[in-house]
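These notes concern the structure reproduced below.
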Amino acid sequence: KNQVEQSPQSLIILEGKNCTLQCNYTVSPFSNLRWYKQDTGRGPVSLTIMTFSENTKSNGRYTATLDADTKQSSLHITASQLSDSASYICVVLLTSGTYKYIFGTGTRLKVLA
Amino acid sequence: KAGVTQTPRYLIKTRGQQVTLSCSPISGHRSVSWYQQTPGQGLQFLFEYFSETQRNKGNFPGRFSGRQFSNSRSEMNVSTLELGDSALYLCASSLSGTGSGNTIYFGEGSWLTVV
C-alpha cells in the first residue's frame with residue numbers, strides 16, 4: 001500500500017535550537033518528494049522539492065534530504081525561530097498509472113521562546 | 001502576482017444542504033486540484049482539473065463534484081452534506097498539473113462546518 005508516514009507527530013523545541021523531522025514512504029514508483037509548511041488555518045506553502053535522483057535541497061534554514069534506497073526523507077531546521085511553529089507535511093508523487101499525491105499526516109512543531 | 005484565491009473562507013451549513021466552493025488559480029496556471037483536510041485524516045486528494053477536463057480523481061463519494069471553466073477558475077460542489085464533511089477544503093494550482101513536477105501552490109482554504 002502506498003503510504004507516507006511522518007515522525008514525530010508533534011515536537012516542542014526552544015528557539016534557536018535545531019530539529020529534524022522524518023518522513024518514511026512506501027510509495028513506488030515515485031517522481032518527487034516535497035516538504036510543505038502549513039501555518040494554523042492557512043494553506044500549505046512549498047519548502048523544497050526533490051526528484052528521486054537528488055539527495056539534498058536547501059531553502060534558507062530548511063534542508064531536506066532524500067535517501068531513495070531506504071525510502072526516507074528528513075527535513076532539518078537550523079536555528080529555529082518562533083515563526084517556524086507550524087505543521088510540516090511530506091508529500092510523495094506516485095507515478096503508477098495516473099499521477100497522485102500521497103500526503104503524510106504531518107509533524108506539528110512548536111517553537112518556544 | 002496574486003496567489004490562489006478561495007471563496008468563501010468560512011461557511012456553516014446544515015446537514016442535507018449542498019455547498020459550492022470557488023477557486024481562482026494563479027494567472028497562467030491551467031491545473032487546479034482540490035483537497036480535503038481534517039485533523040484525523042490529514043490532506044486527502046479530491047480531484048484535479050486541467051483545461052476544463054477532470055484528469056484525476058480521489059476516493060470520495062459522488063456527492064463531491066467539481067468543474068473547471070475556460071478561464072481556469074474552478075468550483076467544487078458537495079451535495080447532501082454530512083457532519084463528516086466538516087473540514088478545510090484546499091485548492092491548489094500549478095502550471096501543468098500533478099505529473100509535470102511543477103510546484104503546486106495552495107490557497108488559504110475554505111473552512112466548512114456542517115451542523
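In what follows, every heavy atom counts, from backbone to side chain, and hydrogens, waters and symmetry copies are set aside. Quick note on labels: first sequence line is chain A, next is B, and so on, each numbered from 1.
- Per-residue counts of heavy-atom pairs under 4.5 Å with chain B were compared for A/Gly41, A/Pro44, A/Ser46; the largest is that of A/Pro44.
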Applying salt bridge (Lys or Arg N to Asp or Glu O under 4.0 Å), run through A/Lys17 and A/Glu15 and close with a yes or a no. CA-CA 6 Å; A/Lys17 298 296 185 183; A/Glu15 187 178 16; over 6 Å; no
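- In terms of heavy-atom pairs under 4.5 Å with chain B, the best-connected choice from A/Ser87, A/Gly104, A/Gly43 is A/Gly43.
- Side-chain atoms of B/Ser33 and B/Tyr35 include a donor-acceptor pair closer than 3.5 Å.
- Residues B/Tyr49 and B/Phe47 place their aromatic rings such that the two centres sit under 6.0 Å apart.
- Proximity of B/Ile104 to A/Tyr36: side-chain heavy atoms (C-beta onward) are separated by under 4.5 Å at one or more points.
- Within the 4.5 angstrom heavy-atom criterion, only side-chain atoms of A/Ile89, from C-beta onward, approach chain B.
- For B/Leu43, the parts sitting under 4.5 Å from any heavy atom of chain A are the backbone and the side chain alike.
- Heavy-atom distances place the side chain of B/Gln37, and not its backbone, under 4.5 Å from chain A.
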Run the numbers on A/Thr78 and A/Asn18 for side chain to side chain donor-acceptor pair (under 3.5 Å), then give the verdict. CA-CA 5 Å; A/Thr78 304; A/Asn18 303 334; 4.6 Å; no
